[in-house]
Amino acid sequence: MTYTIGQIEELTGVKAHILRYWEEVVPGFIPQKDKSGRRIYSQREVELIFRIKYLITEKKFTAEGAGQQILEEAQAVHDNAEIIRQIQEARNYLTQAFLELKKLN
């Protein structure tokens with residue numbers, strides 16, 4: 001699913017001019033554009049917008065600082081990809097086991 005900049009404004013509460021500014025200062029925040037040059041946002045960008053908004057409003061980062069924090073988080077995920085995969089597998093296993101146990105009750 002993709003979203004227009006207007007839909008993103010409604011969904012996230014972040015104004016279009018702020019989103020355009022973030023494109024300039026946050027690495028990796030580059031929504032696609034359609035043939036007419038209008039921004040099209042993916043679910044990944046929606047999640048990124050919420051993360052940036054959280055870092056700025058709650059953690060008091062600057063936009064540039066939020067961008068740096070996101071880069072550091074991405075690197076940490078990359079560095080720990082195998083551990084994260086194992087945790088996800090364990091969660092899946094435990095979820096399935098829980099659902100099977102619920103069936104027995």
Side-chain angles (χ1 to χ4, degrees):
M1 171 142 220
T2 59
Y3 306 91
T4 65
I5 199 165
Q7 290 171 319
I8 292 296
E9 278 187 298
E10 284 183 41
L11 183 64
T12 66
V14 178
K15 300 288 184 192
H17 70 278
I18 301 294
L19 294 168
R20 289 190 292 272
Y21 172 68
W22 288 354
E23 287 179 37
E24 296 175 16
V25 298
V26 176
F29 181 58
I30 307 168
Q32 298 295 313
K33 293 186 180 180
D34 66 11
K35 293 176 184 173
S36 302
R38 292 180 297 236
R39 288 163 175 81
I40 301 295
Y41 295 85
S42 69
Q43 187 61 39
R44 178 195 169 280
E45 274 105 21
V46 172
E47 293 167 10
L48 188 55
I49 290 165
F50 278 119
R51 182 68 180 146
I52 296 167
K53 182 179 176 182
Y54 170 79
L55 289 171
I56 291 171
T57 60
E58 300 296 322
K59 296 295 186 177
K60 307 302 181 198
F61 280 76
T62 63
E64 294 83 358
Q68 184 61 39
Q69 178 66 25
I70 288 168
L71 283 177
E72 290 172 14
E73 290 170 0
Q75 185 62 46
V77 167
H78 180 268
D79 292 346
N80 296 299
E82 180 58 23
I83 293 168
I84 291 169
R85 186 192 63 73
Q86 290 173 357
I87 290 169
Q88 289 171 334
E89 284 181 9
R91 284 182 178 161
N92 289 339
Y93 173 79
L94 292 170
T95 299
Q96 291 302 317
F98 174 77
L99 293 174
E100 290 299 319
L101 287 171
K102 290 288 278 181
K103 286 181 187 177
L104 295 175
N105 288 331

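The shortest non-hydrogen separation linking P27 to G67 is CD-CA, 3.9 Å. Residues L48 and G28 approach most closely at CD2-O, 4.2 Å, considering heavy atoms. Scanning all heavy atoms of the two residues, the minimum distance from I52 to A66 falls at CG2-CB, 4.3 Å. The two residues K33 and R39 come nearest to each other via the heavy atoms NZ-NH2, 4.0 Å.
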Name every donor-acceptor pair, under 3.5 Å, that has one atom in a side chain of residues 91-99 and the other anywhere in the protein, sequence neighbours excluded.
unit_1, atom_1, unit_2, atom_2, d
N92, ND2, Q88, O, 3.4
T95, OG1, R91, O, 2.8

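Placement of I8 and F50 within a single hydrophobic cluster is found when ILVMFWY residues are connected by side-chain heavy-atom separations under 4.5 Å, directly or transitively. Hydrophobic clustering (side-chain heavy atoms under 4.5 Å, transitive across Ile, Leu, Val, Met, Phe, Trp, Tyr) groups Y54 together with F29. Linking ILVMFWY residues whenever their side-chain heavy atoms come closer than 4.5 Å, directly or via other members, places L19 and L11 in the same cluster.
For CD of Q86, the number of neighbouring non-hydrogen atoms (other residues, nucleotides, ligands) closer than 6.0 Å is greater than 12.
Under the 4.5 Å side-chain criterion, counting only non-hydrogen atoms from C-beta, I49 is in contact with Y41.
Within the model, atoms OG1 of T62 and CD of Q69 stand 11.0 Å from one another, a figure rounded to the nearest 0.5 Å. We find the CD-CD1 distance between E9 and I18 to be 10.0 Å, quoted to the nearest 0.5 Å. Distance check, rounded to the nearest 0.5 Å: CD of E45 to OH of Y3 gives 11.0 Å. How far CZ of R85 is from CD of E82: 4.0 Å, rounded to the nearest 0.5 Å. Separation of atoms CG (L55) and NZ (K60) is listed at 12.0 Å; rounding is to 0.5 Å.
In this structure a side-chain-to-backbone donor-acceptor pair under 3.5 Å is missing from N80 to I84. Not a single donor-acceptor pair under 3.5 Å links the side chain of K53 to the backbone N or O of V14.
With salt bridges taken as basic N to acidic carboxylate O contacts below 4.0 Å, none links E23 and R20. Ion pairing between a basic and an acidic side chain is recognised when a charged N comes within 4.0 Å of a carboxylate O; R44 and E47 show no such pairing.
When the salt bridge (Lys or Arg N to Asp or Glu O under 4.0 Å) test is applied to R51, the partners found at least two apart in sequence or on another chain are E73. For Y21, the side chain to side chain donor-acceptor pair (under 3.5 Å) test picks out E64, with sequence neighbours left out.
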